[in-house]
Number of protein chains: 2
Amino acid sequence: MKSVIPVTVVEIKAACSQCNLRELCLPFGLDPREVNQLDELVGSRRKIKRQQHLYRSGDGFEAIYAIRAGSFKTDVILEDGRDQVTGFQMTGEVLGLDGISTEHHSCNAIALEDSEVCVIPFSRLEELSRQVESLQHQFHKIMSREIVRDHGVMMLLGSMRAEERLAAFLLNMSQRFTVRGFSPSEFHLRMTRDEIGSYLGLKLETVSRAFSRFQEEGLVAVQQKHIRILDTPGLKRLLNHHSP
Amino acid sequence: MKSVIPVTVVEIKAACSQCNLRELCLPFGLDPREVNQLDELVGSRRKIKRQQHLYRSGDGFEAIYAIRAGSFKTDVILEDGRDQVTGFQMTGEVLGLDGISTEHHSCNAIALEDSEVCVIPFSRLEELSRQVESLQHQFHKIMSREIVRDHGVMMLLGSMRAEERLAAFLLNMSQRFTVRGFSPSEFHLRMTRDEIGSYLGLKLETVSRAFSRFQEEGLVAVQQKHIRILDTPGLKRLLNHHSP
DNA sequence: AAATCGTATTGACGTGGATCAAAGGGCTCC
DNA sequence: GGAGCCCTTTGATCCACGTCAATACGATTT
């Protein structure tokens, strides 16, 4: 067991109106006046160091979090110790929606690198979204998107083979980097093979072997966590043409 | 034996206030006046025969649906024909939340038996939930619950073995029947082995073999779709004590 | 009561990914 | 800038589940 590391909480006024992630995040679709209202609600930011928890399963729920910088993983843990990574989250994405249902979080959110989130007190968000229709709608879209994403993961876990899962994962990462203005074909993964494996329902050795296989076949160039996608159509083909 | 009383078939206004499912469904937590407001919004009911679609992937999204009678499955289908059952839904549960994110449904909803749903036009629901705080909150809880449920399925698909998955499935069904006032230990499954298998990421033969194994071990009595759970603690033990 | 068809069970065998093991590489933190 | 440790890769072997196949059962129709 690790010793408790003191969490640094820095209170800085968030400003959605100034944020270059606003088109991905909660302010999407709001007019400038409405964004200002949202600014007032988003009280503080919080810095989370690599490997630290933003929240833990069982914690009381009071806020959701928009990722301003860095990235996270969420996982669930069973009594016997087995765990499952349920997602990787990047800037502009929202964390904590799992907590609404029972007023307690049902998973852990852990920073994959030094990160920063905007704290959005939930009761105040509900209050404002009763007044601002576009905010209400955007919030509902964000929740729904999470449900759709989860269905995609179920498809992946339930009916794809190891290499298909990894191909789907890489294409998904690529697409999300692209949306954020980074290269679609070259990026740095912040998670370990073990974490990728947990997410994809595979062991880390299998993930490593699949990477090596992709490299042999000229689909990607892999150097540890640095990935260069060489043949996007090839990866896509791997997904759609199921051989056996 | 009941005698059949002839009834004039009329478009019956859905009436949450009269519905015995209201404690499971959208009206939960609303006061009587608020439930009446919800009544006005829930315009119509719709009957869906066994095997028919309530909606299909790609269909435009305008409403969500509360199940009044019967049961459904949802699934997603890949181009190459592979499909994955993403959930089974029972009375009082809400279908269609996947459609909010893109204004189009992203999965199919298919009746497992002759069923009936209440149609809840979504824009009107958003409108009313801007006025009725408790409705807004209950709706958010329902969406969040779906996300938490999906995480549970990911855990199941990603890190459990065949028999654990089936045990988890049976315990989940039992619990949901119980909440609805049915026996926790004896019930009738509406889905085929193939559908269970798809949901659990297993082949139908594996599901069948796991059922037979449970029967041999005295955990359940299985006769086709009729299930009698004989040893609930035994099933729970199967989940928590991971052997290998 | 027979015929049909979808559903379920069971057996034999094959395989993809898990497990076990060992070595090498590159961060991280002094 | 070096020590230590975590992460990754790769090989050898194993086994849970998939695949293929045959049969049996039950509901529905005629």
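Every heavy atom of this structure was used, including side-chain atoms; hydrogens, water molecules and symmetry mates were not. Throughout, protein chains are lettered first and strands after them, A, B, ... in sequence-line order, and every chain is numbered starting at 1. Keep in mind that what you see is a predicted model, and the values were worked out from it rather than measured.
Judged by distance alone, with hydrogens and angles left aside, the side-chain atoms of Arg82(B) form a donor-acceptor pair with the main-chain N or O of Ser159(A) at under 3.5 Å.
Following rounding to the nearest Å, Leu200(B) (CG) and dA16(D) (C1') show an atom-to-atom distance of 16 Å. Taking atom CD of residue Glu164(B) and atom C1' of nucleotide dC17(D), one finds them 14 Å apart after rounding to whole Å. Here dG16(C) presents its P atom at 10 Å from CZ of Arg213(A), a figure rounded to the nearest Å. The interatomic distance linking Met160(B) (CE) with dA18(C) (P) rounds to 16 Å, in whole Å. Distance Arg82(B) CZ to dT19(D) P: 11 Å, rounded to the nearest Å. The distance between atom CD of Glu113(A) and atom C1' of dT28(C), rounded to the nearest whole Å, is 16 Å. Here the C1' atom of nucleotide dT28(C) and the CD atom of Gln51(A) are 12 Å apart, to the nearest Å. A straight line from CZ of Arg193(A) to C1' of dT10(D) spans 13 Å, rounded to a whole angstrom.
The pair Asp114(A)-Lys49(A) counts as a salt bridge, with a side-chain nitrogen and a carboxylate oxygen less than 4.0 angstrom apart. Under the 4.0 Å criterion applied to side-chain N and carboxylate O atoms, Glu93(A) and Arg145(A) are not assigned as salt-bridge partners.
Residues from residues 215-231 of chain A with heavy atoms under 4.0 angstrom of DNA chain D, sorted by number: Gln224(A), Lys225(A).
Arg50(A) CZ to Ser71(A) OG: the interatomic distance, rounded to the nearest 0.5 Å, is 10.0 Å. Atom CD of Glu163(B) is separated from atom CG of Leu202(B) by 10.5 Å, given to the nearest 0.5 angstrom.
For Arg213(B), the CZ atom counts as loosely surrounded, since its 6.0 Å shell holds 12 or fewer non-hydrogen atoms of other residues, nucleotides or ligands.
OP1 and OP2 of dC7(D) both lie 4.0 Å or more from every side-chain N or O belonging to Ser208(A). The shortest distance between the side-chain N/O atoms of Thr206(A) and the OP1/OP2 oxygens of dG16(C) is not below 4.0 Å.
At the heavy-atom level, Thr192(A) lies under 4.0 Å from the strands shown only through sugar-phosphate atoms. At the heavy-atom level, Leu204(B) lies under 4.0 Å from base atoms of the strands shown. Across all strands shown, Gly201(A) has heavy atoms under 4.0 Å from sugar-phosphate atoms exclusively, and none from any base.
On a pure distance criterion of 3.5 Å, a polar donor-acceptor pair joins the side chain of Arg209(A) and the base of dG11(D). Judged by atom type and distance alone, Glu205(B) reaches the base of dC20(D) through a side-chain donor-acceptor pair under 3.5 Å.
Ring centroid separation for the pair Phe182(B) and Phe187(B) does not come in under the 6.0 Å cut-off.
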